[in-house]
Every structure is written in structure tokens, then in C-alpha cells.
Engineer: 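Please read through the structure below; I'll follow up with questions.
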Amino acid sequence: MALPAQQIPKWFYSVKIRNFITIMQFRNQLMRPRKTTLHGLLALPEQSSGNFFHWRFKSYRTSSIWNGSQAPSSTRQENISAQDTHPPSLNKLQLKTEVTNFDSQISLEELEDLPPVSPLQQISEEDAVQIVAEPPLPPASFTLRDYVDRSETLQKLVLLGVNLSKLEKRPGVGTLLLRLDFENDIQKILLFLKDIGVEDNQLGAFLTKNYIILTEDLENLRTRVAYLESKKFSKTDISRMIVNAPYLLSFPVDRLDNRLGFFQKELGLNVQKTRDLVIRLPRLLTGSLEPVKENMKVYQLQLGFKRNEIQHMVTRIPKILTANKRKLTETFDYVHNVMSLPHHIIVKFPQVFNSKLLKIKERHSFLTYLGRAQYDPQKPNYISLDKLVSIPDEVFCKEVAKASLQDFEIFLKTL
Amino acid sequence: MGSKGSTRLHGLFAVYKPPGLNWKHLRNTVELQLLKGLNSQMQYTPQEHIRFLLGPMEGSEGKELTLTATSVPVLSEHPLVRGPNYRSVKVGVGHRLDVKSSGVQVLGVGRGNKLLTDIYNAHLTKDYTVRGLLGKATDDFSDEGRLIEKTTYDHVTPEKLSRILAVIQGSHQKALVMYSNLDLKTQEAYEMAVKGLIRPMDKSPMLITGIRCLQFAPPEFLLEIRCMHETQQLLRRVVHEIGLELKSAAVCTQVRRIRDGVFTLEDALLRTQWDMHSIEKSIQKVAPRIEAELKKCQTVALCHRDPVGQPSS
């Protein structure tokens with residue numbers, strides 16, 4: 001993980017490290033510490049007490065040159081090499097003009113080009129106070145833990161609830177987050193998200209999923225929300241969809257349009273029903289369409305449902321479109337062939353496809369053992385599929401099986 | 001990792017493996033549940049450290065820069081930054097059960113994995129119930145395999161079945177003595193044989209030390225088998241061979257382990273009980289029994305090493 005922003009401190013001795021951090025964090029508060037630093041450096045009083053200090057300074061200089069040759073593409077480092085050719089006196093002049101001219105972003109590299117100061121230089125009390133003996137930040141690291149205490153952006157993200165330990169596993173995230181500035185880059189996105197209706201406590205989870213939105217252009221996001229509004233999604237629906245499917249706003253408008261069209265066409269639903277479907281499971285819009293197509297074929301050809309039956313099931317439980325097709329066929333095989341339930345009953349209870357096959361098997365065999373497995377609604381003691389799969393064990397034993405939980409557990413150990 | 005966390009989570013426990021579940025999945029599920037339990041135990045206490053921040057101070061001659069000690073929260077220990085405390089728990093699997101079979105499956109956690117080796121070296125017997133179905137034969141001896149032949153089973157009576165079972169048990173008894181490397185003419189070996197402690201102490205083919213019929217209702221029958229060094233497929237083969245001996249054919253519809261060494265059905269945790277607290281409780285309940293059993297095995301192993309007991313060959 002090359003972190004040029006993190007490598008910079010290596011070039012400076014500790015005074016500058018301190019300075020650098022303040023610059024990164026409070027650009028507007030930059031004035032005072034910088035002036036004093038420069039003052040201290042340019043004064044160049046000649047005494048021997050600053051010996052150790054200068055040795056450190058030199059070591060950092062050498063490392064900076066090495067760094068420059070390592071990554072010549074970085075503009076900042078190009079700056080250095082350009083500045084290196086200037087005679088020392090010119091540099092001093094430039095620095096002084098810089099100090100007065102603060103609206104332009106101060107490039108720290110000019111500081112770097114100070115003439116090597118005598119090792120016997122003495123520093124004033126004021127400068128000594130600013131020397132912070134903190135270890136330099138590691139130039140590269142596999143975790144964001146090293147930087148979180150020194151980077152204000154990361155701190156604020158953590159306080160928002162963003163899970164950095166999850167984010168840092170994705171490639172390039174660390175560099176991206178460290179380069180962002182909270183005030184300039186992140187705040188506007190957060191305000192925008194709040195405007196759409198994302199709650200405060202949902203922001204962390206949202207950003208953990210879709211950190212890439214922090215680099216997105218605000219105009220693009222606005223057009224996408226406007227597109228959703230033009231499709232007659234209400235404001236609360238949009239916020240709900242965005243929270244449940246964080247990548248929704250990262251899709252360009254034409255792709256979103258294609259996907260909405262796909263669901264309308266593939267399922268043959270009308271506009272209102274498509275809208276309801278997408279509101280209930282917005283994951284459909286951001287996920288891959290291939291499994292949805294496959295599942296449609298599985299329902300139609302392999303399981304033999306009719307088109308209107310599929311429509312009915314999908315509008316009841318949209319999640320069955322994203323289920324694993326192997327699981328679907330196994331569940332159907334058991335429910336249809338072992339429990340011998342016809343299609344028209346399964347259509348009424350599509351939640352069977354969402355429940356665990358093991359659970360269905362256990363409960364069905366228990367009911368068979370008790371002689372209560374009666375799934376025909378025309379006959380007495382009818383047990384609906386919904387009751388079979390969706391209630392917890394205790395309720396199932398008490399209400400459906402009319403047996404004690406202990407008996408059920410003993411029975412499970414005979415399977 | 002586990003050493004600094006829960007000290008109680010080391011040892012052996014048993015779960016009830018439902019049929020149709022791979023033991024690898026079972027192990028991973030249990031590991032996941034344990035991790036969930038361990039990580040939810042951890043409480044985050046925000047820590048603060050003192051950093052000297054630079055700030056302006058009103059001194060005697062105008063403004064002055066001084067360092068002021070301020071305590072700043074340490075975020076690098078925050079759970080959102082650190083991630084979960086436990087990322088893996090060592091979960092080992094004892095004598096395995098294949099996908100189609102069900103029953104008691106021993107698992108080890110943490111330092112309990114060493115005990116798994118001891119248990120393996122103790123060569124304890126296991127009990128199974130095996131359900132057979134007369135009248136057909138398949139290529140993999142289970143009822144799901146490809147059908148090879150169909151036969152009649154009217155002539156099969158419980159007496160015939162028990163006669164065959166006795167033959168099987170007798171032949172295995174002979175093999176047991178042979179593989180146990182004991183000279184039965186010695187007093188020690190005789191005493192062990194009386195106690196029923198004779199067993200091989202290294203690898204051997206499957207040995208059945210006891211087999212009986214629990215239930216006979218043609219075409220179905222239910223056997224209880226006490227054996228060692230078995231695989232579930234070998235047990236299915238036994239059912240197949242019993243079918244052939246009965247001048248019929250049989251497939252095995254269920255293999256269920258009801259005891260593995262000291263672990264019985266009551267110790268086995270059901271799918272809904274695979275969480276940290278039940279597992280901890282179960283480990284503690286079983287621990288003394290395992291210790292006693294292993295101690296007993298050590299004395300037996302000493303007898304086996306006795307040069308008097310060695311056959312001349």
C-alpha cells in the first residue's frame with residue numbers, strides 16, 4: 001500500500017512532522033505554527049546545542065531523496081527536484097513570500113529546500129516546545145489502525161460508525177480514505193445523504209458497504225435521485241431503498257433504467273407492482289441479474305410453475321428470486337415429492353423456499369411420526385405450510401404438534 | 001488465541017449430526033457460533049491517552065506557545081477499527097460420520113484437540129443403530145443408490161436373522177482376539193477378556209463386538225451394532241451381506257451412531273443448541289468421564305505391552 005501522503009513526514013524532522021499534521025488537519029488554522037517554525041529555522045543562531053537535532057534532520061533528508069527516486073510520478077516530489085536546482089538564497093526569498101501568501105496551498109516541499117543548517121545551531125525555547133517526540137507514521141501498513149489516531153478523517157468516520165476493519169480488507173480503500181478531507185469531501189456527501197432521508201445511525205453501515213460514494217460527484221447523485229423521483233418513488237421509499245441497497249446511488253441512470261425495465265419485462269408485472277417489488281427488495285436492482293434469470297427458468301421449467309403463479313409468488317416474497325437455485329430445487333423436491341403437496345398449495349406459501357430444508361424435514365417427520373402431517377386444507381386438522389416453517393420451535397411444538405419440546409428433541413435424536 | 005479468552009472453552013463435546021449434513025459444514029457452523037459467542041462477550045472500554053497539544057497561552061510578554069496536556073480517546077482500539085477479537089477457533093472433529101449417516105459426532109475445541117488424539121488411540125467401541133430394508137439391493141448399499149436387483153423376503157424369519165447375526169458376531173470375536181495381540185492362555189488376558197476389555201491397540205479391519213436385532217417387521221429390520229474401526233459404508237455393507245445370507249437382498253436406510261466412546265445420545269447437542277453456553281456446559285459435564293476413561297485405557301495399554309502377553313509369532 002503506497003501512501004504518498006504518509007511518506008511525506010519522513011522527509012521532515014520532528015518539528016515538521018508536527019507541522020505537517022496540523023496542516024493536514026486544520027488547514028485554516030495553519031498560520032501561526034508555520035510562521036514560528038519558519039522563524040526558528042531562518043534565524044540560524046550558531047551554537048552547539050542542536051547537535052542531535054540536526055543529525056535527525058539529515059537522516060530524513062536522505063530518506064526523502066530516496067523516496068523521490070522511488071516514486072517520480074508524484075507531483076509533489078517532482079516539485080522537490082525542480083526546487084533543488086535553486087540556489088539557497090532564492091529559496092529563502094520564496095519561503096518568505098510563501099509565508100505571506102496563505103490562500104494558495106502551501107507546498108511543504110519548499111521548506112524541504114532550506115540550505116542544510118549547521119549542526120551546531122541552537123534553537124530557541126519556542127521551537128523546542130514544538131518538538132514532539134512522536135514516532136513517525138509508517139509509510140505503508142496493512143491496517144488503518146496505525147493511522148486512525150492521527151487522521152481526523154478516519155476518526156470522524158469511526159465515530160459515525162463506519163467499520164474500518166471491514167473496509168481495510170478491500171483493495172485501495174486505505175489510501176482513498178486517507179486522502180479524503182472530512183470538511184471538503186465527506187461532509188457534503190453526508191449532508192446529501194441526510195437530505196435524502198438516511199438516518200444518523202444508518203450512515204455508518206451505509207458507508208461501510210458503499211465507501212465509493214464518498215468520491216462520487218454530487219451532481220450525479222442528485223440526477224440519480226431525481227430519476228428515481230421521476231419514476232414515482234416516494235421520498236420515504238427512496239430513503240428505504242438506499243439504506244437497504246447502498247450501491248443503488250452508484251449506478252448511472254441508464255443502467256438503473258435498464259434494470260427496472262428488465263424486471264418489468266421478465267416478470268410481466270405492471271408498473272405499480274414492479275415498483276412495490278423493487279421497494280421491498282432493492283437488492284434486486286444492485287445485484288447481478290444472471291441469478292434472477294436462472295431462478296426464473298428454474299421456476300418455469302424445472303419446478304413447473306405457471307407464469308402467473310411465479311408472478312404471485314414473487315410479489316408475495318421477492319427474496320425467492322435471489323435464492324440459491326440448488327436449494328430451491330432441493331426444497332421443492334422434498335415439499336412436492338415427499339410431503340406430496342401440489343403446486344397450487346405451494347404457490348400460496350412461497351415462504352417455504354426461504355426456510356431451511358433441514359427444518360422442514362425435521363418438522364415434517366415429527367408430524368408424520370405423530371400422525372398429524374395433514375396439509376390438505378379441505379380436511380380437518382389442517383396444518384398450513386406457513387405454520388410449518390415460520391414459527392419457532394416452542395410455538396410449533398405447542399400449537400401445531402401439540403407435544404412437548406422435550407419430546408421433539410428426543411425425536412430429533414432418532415433421525 | 002483461546003488462551004487469553006474464555007478459559008472454560010477447552011475440551012471435548014458431542015453434537016447430534018442430522019442426516020444430509022457434511023461434517024465439514026457442521027464443524028464450520030459450530031466454529032461460527034463459537035466465534036459469535038466469544039466476540040459478543042468482549043466489552044469495549046474506551047481508553048484515553050495523554051498527548052501534548054500545542055496551544056497559544058497568554059504569557060508575560062504577549063502570546064506564547066506552550067504544550068498543554070490533553071487526554072485524547074484512543075481510537076485504534078475501537079472495535080470498529082480493530083475488528084472482531086477472535087477470528088478463528090480451533091475446532092477439531094473426532095470419528096467422522098459421512099453425509100448420509102447421523103448421530104453422535106465428537107468435536108474438540110482449543111486444547112481439547114489433543115484429547116481427540118488420545119481418544120483415537122484409546123480405540124473405544126462405538127454403538128450404532130442400523131436400519132435395513134429387505135427385498136432390494138443397490139450399488140452403494142443405501143436406499144438412494146442405483147437399484148441392482150429385487151428379491152422376495154417372505155421366507156425370512158427372525159430366527160434365521162438372529163442365527164446369521166450370531167455367526168457374524170462369532171467370526172468377529174475370533175478376529176478380535178487375533179488383532180488384540182494377546183495370548184489368551186495367560187491369566188492377565190483371561191481376566192481382561194472376562195471384563196470385556198480385549199481390543200486391538202493399533203489399526204485393524206472393522207471389528208464387530210456385538211450385534212443384535214432390535215426390531216423385525218418385514219421388510220424392515222433394525223440392528224444394534226457395537227463395533228470399532230468402522231466406517232459407515234462398511235456398516236451398510238454388513239446389512240447388504242446379511243441380506244444375501246438370508247437368501248434375499250437388503251439395503252441400509254439409516255445409519256445412526258448412538259454412542260461414541262463415552263459420549264452418549266444425551267450428551268449430544270441438537271442443531272438449535274450449538275451456541276457457546278451450551279457447548280461450555282457440555283464440555284464441563286463430560287470432562288471427568290473422559291479423564292476416567294482415558295486413565296482406564298492407559299492401564300490396559302500397559303498390560304498390552306507386557307512381554308508375557310505377547311504371542312511368539
Side-chain angles (χ1 to χ4, degrees), chain A residues 18-19 21-22 29 32-33 35-37 125-134 143-152 154-169 204-205 208 330 334 356-359 361-362 365 392-394 405 408-415, chain B residues 14-21 25-26 29 39 44 46-49 51-57 59 61-68 72-85 87 101-104 129 131 222 254-258 264-273:
Chain A
R18 182 70 192 81
N19 243 337
I21 292 160
T22 42
Q29 294 177 9
R32 202 176 301 108
K35 255 185 187 168
T36 50
T37 320
E125 272 300 304
E126 214 170 55
D127 298 325
V129 133
Q130 293 174 37
I131 300 172
V132 182
E134 275 191 75
T143 164
L144 286 172
R145 269 177 84 179
D146 297 334
Y147 305 105
V148 81
D149 275 331
R150 309 272 280 276
S151 149
E152 205 188 358
L154 290 186
Q155 282 174 7
K156 291 217 166 136
L157 286 178
V158 170
L159 294 179
L160 269 174
V162 178
N163 197 334
L164 291 186
S165 68
K166 263 188 196 162
L167 268 187
E168 73 192 11
K169 287 182 191 134
T208 309
E330 275 175 359
Y334 191 80
K356 281 188 177 159
L357 180 59
L358 261 178
K359 196 170 166 187
K361 270 186 189 169
E362 283 171 0
S365 41
D393 270 350
E394 297 85 38
L405 192 62
F408 184 49
E409 281 174 0
I410 291 168
F411 173 78
L412 286 184
K413 286 188 182 178
T414 64
L415 279 182
Chain B
V15 295
Y16 191 86
K17 185 186 101 65
L21 184 70
H25 289 151
L26 183 142
T29 320
N39 285 325
Y44 169 63
Q47 293 172 335
E48 300 210 328
H49 68 166
R51 276 175 69 178
F52 293 96
L53 293 183
L54 208 56
M57 281 275 281
E61 72 262 17
K63 279 184 180 174
E64 224 175 61
L65 280 169
T66 40
L67 292 177
T68 42
V72 189
V74 188
L75 283 179
S76 58
E77 294 299 312
H78 197 279
L80 286 180
V81 183
R82 263 185 78 162
N85 262 351
R87 283 156 209 264
S101 53
S102 62
V104 182
T129 58
R131 202 179 285 275
L222 185 66
Q254 186 197 38
V255 179
R256 170 172 158 255
R257 179 148 74 198
I258 54 173
T264 55
L265 264 188
E266 285 89 71
D267 304 320
L269 299 173
L270 279 172
R271 196 163 55 85
T272 43
Q273 299 163 340

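Treat the numbers as computed from the prediction; the structure is a model and nothing was measured. Chain letters run A, B, ... following the sequence lines, proteins first and then strands; every chain starts at 1.
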Engineer: If I measure from the heavy atoms of chain B, does Lys169(A) come under 4.5 Å with its side chain, its backbone, both, or neither?
Structural biologist: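 Just the side chain, heavy atoms under 4.5 Å.
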
Engineer: Does a side-chain N-to-carboxylate-O contact under 4.0 Å join Glu362(A) and Arg271(B)?
Structural biologist: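 The answer is yes: the pair qualifies as a salt bridge.
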
Engineer: Using heavy-atom distances under 4.5 Å, tell me whether Gln273(B) contacts chain A through its side chain, its backbone, both, or neither.
Structural biologist: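 For Gln273(B), the contact with chain A is made by the side chain alone.
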
Engineer: With a cut-off of 6.0 Å (strictly less than), are more than 12 heavy atoms of other residues, nucleotides or ligands near NZ of Lys166(A)?
Structural biologist: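 Count not over threshold, so no.
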
Engineer: Do Lys413(A) and Glu409(A) sit within salt-bridge range, that is, some charged N less than 4.0 Å from a carboxylate O?
Structural biologist: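 Answer for the salt bridge query: no.
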
Engineer: Answer with side chain, backbone, both or neither: which region of Pro18(B) has an atom nearer than 4.5 Å to a non-hydrogen atom of chain A?
Structural biologist: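 Contact with chain A: side chain only.
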
Engineer: Is the closest side-chain donor-acceptor distance between Arg256(B) and Tyr16(B) under 3.5 Å?
Structural biologist: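 The criterion, which ignores hydrogens and geometry beyond distance, is satisfied for Tyr16(B) and Arg256(B).
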
Engineer: What heavy-atom pair brings Thr208(A) and Val162(A) nearest, and what distance separates the two atoms?
Structural biologist: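 Where Thr208(A) meets Val162(A) most closely, the heavy atoms are OG1-CA, 3.6 Å.
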
Engineer: So what's closer than 4.5 Å to chain B heavy atoms on Asp393(A): side chain, backbone, both or neither?
Structural biologist: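 The side chain, not the backbone.
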
Engineer: Under 4.5 Å heavy-atom distance to chain A, tell me which part of Thr272(B) shows up: side chain, backbone, both or neither.
Structural biologist: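 When you check distances to chain A, only side chain atoms of Thr272(B) fall under 4.5 Å.
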
